[in-house]
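Data block below; observations after.
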Amino acid sequence: MTAAPGPPPRDVPRVIWSWALYDWANSAFTTLVVTFIYATYFTKAMAPDEVTGTAWWSRAVAVSAVLTALLAPVLGAAADRAGAHKRLLAAATALCVAATAALGFVPPGLPHGALLALTLYVVADISFETGYVFYNAFLPVIASPARIGRVSGYGWGLGYVGGLVCLLVALVGFVQPEIPWFGLSKAGGFNIRATNLLVAAWFLAFALPLFAVVPEQRRSGVRLDVRAAFQEMGRTLRAIGRYREIVRFLVARLVFNDGLVTVFAFGGIYAAGTFGMTLSEVITFGIAINLASGLGALAFGFLDDRIGGKRTILVTLVALTAATGLAVWAPTRGWFWLSGMLIGVFVGPNQSASRSLMGRFVPERHQAEFFGFFTFSGKVTSFAGPLLLGVVTAALHSQRAGVATVLGFFLLGGVLLLRVNEKQAINEARDV
């Protein structure tokens, strides 16, 4: 086995923006399919009633999260071993695009249509999430340690903005007009389901620059081999003591990311239930938060490079704790809007800095594998926050009490992150 001679040059603007554009491309999936349009359409049109639809959809989300957590490290190890990051990213992208497009052609009333739709969603979501393993692995390859924070911020910021732009296109051209674009029929909600076709086309078109421009170090004489990938991952796990600081970081992220997952999942529900917002007001609120998150990720990337990823994450966790506390206390919609904007400003940088910090920590030979563990840490307990919020809300008959549980995830995650030695972790990665 021989490696390609010499690593590709870093900090090349054309390469960086081609890479970051992939975030712009794939965010359409989470914004339209997972959050704002198709998930709501499924619960209303594909299921017998909204309660049943919500239960079915939540189970599909849980299945996807578990399978993603199990697959991500193995696929990452396989990609590293064969130098196949771009090939596997292409496969994940193509599968997500195909499954998303297929969702547009599953009408209400089709025998077993709800099951088919949920299956397609799970396939698309797993492909989307595992694609991030290979995509993130390019970050430490294309960006120098001095610029990795802002480069991660470019991608995350573009992702939030891209999702919003695609959402606006969908609302203006497909959802709201009396006569949708391209003469699409409203019968059976086809104009709503057609937003999945928009997402698929958007994802495919804006992902292409990465595959055309971003370089990859290929390894000759090595084939993709799942069995060998399991063996490689086993060796990594047996040597996990050498990566103690990375493990500490992943445990801390596992905790505070559960808080983020809960905020994303229940922000709209809390806005409607406690503050009486209508669906259109909730969508407007969500758009504003996403815009704030994108701008925050872009701006804080420079701070990340100045003070380091760990300190940046800690700053965001302090701010998120304060903003969530404000949301729990908020007596009026005005105060709630303020808390939401603060959460938006700091949630994007939290996610971006987490990715850049992991990029500084990963050993060169195990980039995708370790980003697979990064994905694992974000998925394996993602049910815990929503579950605790639901239990407390039901027990105390108070959404405010339920949302207050998020504070514990941010605080405990921050305490665990304090134990991470950033410099030592970077040195450990260089020594491998």
Side-chain angles (χ1 to χ4, degrees), residues 3-24 76 79-80 83-86 89 132-159 209-219 242-243 245-246 249-250 253 294 296-316 348-375 417 420-432:
R10 293 173 171 176
D11 300 336
V12 179
R14 185 163 145 273
V15 171
I16 286 172
W17 288 110
S18 296
W19 174 84
L21 200 59
Y22 188 90
D23 258 317
W24 169 285
D80 285 333
H85 301 136
K86 192 179 287 189
L89 179 58
Y132 257 121
V133 173
F134 318 119
Y135 170 67
N136 288 340
F138 283 105
L139 178 59
V141 176
I142 66 170
S144 66
R147 294 176 61 86
I148 195 170
R150 72 192 69 177
V151 172
S152 181
Y154 294 156
W156 219 278
L158 279 178
L210 182 149
F211 298 105
V213 175
V214 177
E216 179 182 35
Q217 280 188 284
R218 298 282 295 272
R219 295 186 180 183
R242 288 165 29 185
Y243 312 110
E245 301 306 318
I246 295 180
F249 168 59
L250 291 179
R253 179 177 180 266
L298 287 169
F300 272 74
F302 294 88
L303 180 67
D304 184 344
D305 288 331
R306 286 183 63 86
I307 68 173
K310 175 184 171 179
R311 289 180 180 175
T312 303
I313 297 171
L314 287 171
V315 167
T316 65
N350 180 281
Q351 295 169 308
S352 176
S354 295
R355 177 166 69 181
S356 67
L357 186 60
M358 190 66 183
R360 293 180 176 100
F361 286 179
V362 294
E364 184 177 343
R365 289 183 59 252
H366 301 280
Q367 285 158 341
E369 181 181 0
F370 273 76
F371 270 113
F373 288 121
F374 183 77
T375 297
L417 185 62
V420 176
N421 188 321
E422 186 171 356
K423 290 183 179 179
Q424 184 175 330
I426 293 171
N427 291 332
E428 287 173 354
R430 290 172 179 168
D431 292 340
V432 174

So, using salt bridge (Lys or Arg N to Asp or Glu O under 4.0 Å) as the criterion, who are the partners of R150 when residues are at least two apart?
D305
Parallel, tilted or perpendicular: which one describes the rings of Y154 and W17, with boundaries at 30° and 60°?
parallel
Shortest non-hydrogen pair, E422 vs G309, comes out as OE2-N, 3.3 Å
Locate the shortest heavy-atom distance separating P209 from S18; write the atom from each residue and the value.
O-CB, 3.8 Å
Between S356 (side chain only) and A353 (backbone N and O only), is there a donor and an acceptor less than 3.5 Å apart?
yes
Does N350 have any side chain to side chain donor-acceptor pair (under 3.5 Å) partners at least two apart in sequence or in another chain, and if so, which?
T316
Is any side-chain N of the basic residue among D23 and R355 closer than 4.0 Å to the acidic one's carboxylate O?
yes
Exercise: identify the closest heavy-atom pair between A79 and H85
CB-CD2, 3.4 Å
For residues A297 and W156, report the shortest heavy-atom separation together with the two atoms involved.
CB-CB, 4.0 Å
Checking E245 side chain against N421 main chain: does a donor-acceptor pair fall under 3.5 Å?
yes
With a 4.0 Å cut-off on N to O distance, would you call K310 and D304 a salt bridge?
no
If you round to the nearest 0.5 Å, how far is CE of M358 from CD1 of I148?
11.0 Å
Side chains of S354 and R253: is there a donor and an acceptor less than 3.5 Å apart?
no
Pair L139-V151, side chain to side chain contact (heavy atoms under 4.5 Å, CB included): steps then yes or no:
CA-CA 8 Å; L139 178 59; V151 172; 3.7 Å; yes
Does F134 have any ring pair (Phe, Tyr, Trp, His ring centres under 6.0 Å) partners at least two apart in sequence or in another chain, and if so, which?
none
Atom pair CG/CH2 of L158 and W19 - distance to nearest 0.5 Å
9.5 Å
Those residues that, when tested against T375, pass side-chain contact (heavy atoms from CB on, under 4.5 Å) (two or more places apart)
T68, A72, V133, K379
Is there a donor-acceptor pair under 3.5 Å between the side chain of S152 and the backbone N or O of S352?
yes
List the residues meeting ring pair (Phe, Tyr, Trp, His ring centres under 6.0 Å) with Y22, not counting sequence neighbours, and say none if there are none.
Y135, F203
Could you walk me through whether I16 and V214 pass side chain to side chain contact (heavy atoms under 4.5 Å, CB included), step by step?
CA-CA 8 Å; I16 286 172; V214 177; over 6 Å; no
Would you indicate whether the side-chain heavy atoms of V315 and T312 approach each other to under 4.5 Å?
no
Distance col, row R306:CZ vs F300:CZ, nearest 0.5 angstrom, shows 13.5 Å
Under the rule for side-chain contact (heavy atoms from CB on, under 4.5 Å), what residues qualify as partners of K86, not counting sequence neighbours?
F138, F211, E216
Report the distance from atom CZ of F361 to atom CG of L250, rounding to the nearest 0.5 Å.
9.5 Å
A side-chain contact here means heavy atoms from C-beta on lying under 4.5 Å apart; do L417 and L314 qualify?
yes
